[in-house]
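What follows is a single structure, written as structure tokens, with notes after it.
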Amino acid sequence: MDAKRDRPSNLQSADSTADGKSVATFVVGLTIGQLAGAFFLWLWSPTLVEALLQERSKLYWFLSRSTGIVGYVLLSGVVGTGLLLSTKFARRWPGIQVALDLHRYVSLLSLVMVSLHVFLLLGDRWGNYTPKQLVLPFTATQYRPFWVGLGQIGLYSFLLVYGSFWMRRWIGSSGWRRLHYLSYGCWFLSTIHGIFAGTDTPFLVPVYEIAAGFVFFGLVVRAASSLFSRQRSLATGSSIR
Amino acid sequence: MVQRSARSDLSTSDQHRRDGGRGDRPSRRQPANTHATKALLTLSAVASIAGSVLAMSVAAYHEETPAATDQDGSQFTPPFPREALVSRLFAPGRDLTPIAPQLPYVEIAQLPPPPVLEIVADTAARGPQPTTSSGATAPHGVTSGQAPAASSSISPAPAPQPVPPRQPRVVVQPRQVQQPAARTRSSR
């Protein structure tokens with residue numbers, strides 16, 4: 001039964017190849033874009049660039065915070081749109097295939113931002129994080145280890161959910177779906193991590209509110225859609241009998 | 001037939017779930033605007049990061065830079081380099097002299113009050129006498145906006161040889177002398 005539900009393997013391999021190309025294009029494009037941005041910033045204000053690149057500069061710290069914020073916003077968008085994907089909204093506009101493609105792309109973008117958020121901390125001379133501390137949860141004792149650790153677990157769950165796109169041929173649709181429920185936990189852990197470990201929390205309260213509102217909206221629509229479709233299918237089944 | 005139509009009547013949600021969330025169209029064709037949307041999303045993300053870094057830099061600069069004291073004693077934070085450039089470019093009537101580095105502002109704040117104030121105070125104290133004498137010659141066309149009459153009315157002391165080292169600061173004097181002259185004119 002599961003084999004029938006799964007898509008043909010040739011389509012899946014085509015998906016994987018296209019995904020590989022998409023990831024490569026994305027990484028190359030992002031690198032070129034960032035280099036071009038740095039060059040234009042230098043043209044615009046060399047003084048500013050010099051100030052940012054000083055020995056005691058906080059550029060890594062600023063970049064880490066910025067990528068964390070952007071990654072969180074994108075993650076909220078991914079979770080919200082993922083919820084809407086399984087309703088009629090996405091089918092009407094912009095269409096399942098397009099919506100799914102964008103959903104996966106924004107997931108990748110968010111994952112890159114969150115990974116940058118973590119690994120840019122290696123360059124921060126004030127935090128002095130070691131690679132081991134960044135990889136192992138709850139080991140970074142410099143700053144709020146518990147809340148930072150929750151964020152690390154959130155990242156691992158995000159990696160697992162994103163990796164499930166490629167693991168689907170082995171774990172099947174039901175496994176893939178079950179794994180996708182982790183995204184709720186991932187989003188929740190990220191939110192908690194941002195609120196309690198973030199240094200910009202006072203300024204980001206509206207961002208958290210909007211993100212939570214969007215995800216909550218997606219949940220409500222998803223639940224309502226599921227309930228409605230169940231009732232409809234029950235009614236259809238009874239009329240067939 | 002009945003069963004097939006019933007299946008097609010199933011909700012999109014169920015159908016989508018049956019497909020494992022993959023949708024029911026196997027075609028990989030995508031509209032061109034999907035790529036444009038992706039590019040736009042990526043650009044927005046990068047621009048957001050750049051904007052955040054700039055905002056954080058400005059905020060940190062204002063937090064960490066000690067307040068400097070202006071010549072009139074008021075406290076101010078030296079402007080961020082970029083802000084200074086923008087304000088100079090867009091503020092009307094400003095000269096486009098090169099922007100000084102930030103450090104001298106702090107040094108000025110640490111210096112003792114400049115002696116030029118004493119010179120001005122002395123001049124102001126002695127001011128009314130020469131202005132009064134020049135007040136008689138006001139019908140020569142001196143208006144309120146003109147300063148040179150006041151400067152010409154002061155008989156500068158013959159500069160001894162050699163030239164005193166603070167000569168550049170004395171240049172400020174005529175502008176300061178203008179005030180008592182105007183007051184005298186308005187009081188009449």
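Protein chains get the first letters and strands the later ones, always in sequence-line order, with residue 1 at the start of each.
Counted by atom type alone, Thr34(B) and Tyr105(A) present zero donor-acceptor pairs between their side chains at under 3.5 Å.
Val46(B) pairs by the side chain to side chain contact (heavy atoms under 4.5 Å, CB included) definition with Leu30(A), Gln34(A), not counting sequence neighbours.
The shortest side-chain heavy-atom distance between Asp101(A) and Lys38(B) falls under the 4.5 Å cut-off.
Residue Ala50(B): no heavy atom, backbone or side chain, is found under 4.5 Å from chain A. Interface residue Val106(A): only side-chain heavy atoms are found under 4.5 Å from chain B.
The environment of Tyr60(A) atom OH is sparse: at most 12 non-hydrogen atoms of other residues, nucleotides or ligands sit within 6.0 angstrom. In this structure, Tyr208(A) places its OH atom where more than 12 heavy-atom neighbours from other residues, nucleotides or ligands lie under 6.0 Å away. A 6.0 Å sphere centred on CZ of Phe39(A) holds no more than 12 heavy atoms belonging to other residues, nucleotides or ligands.
Residues Val53(B) and Ser66(A) share a closest heavy-atom pair of CG2-OG, 3.5 Å.
Taking CE of Met56(B) as the reference point, atom CG of Leu63(A) lies at 9.0 Å (rounded to 0.5 Å). For the atom pair CD1 (Ile49(B)) and OG (Ser64(A)), the distance works out to 10.5 Å, reported to the nearest 0.5 Å.
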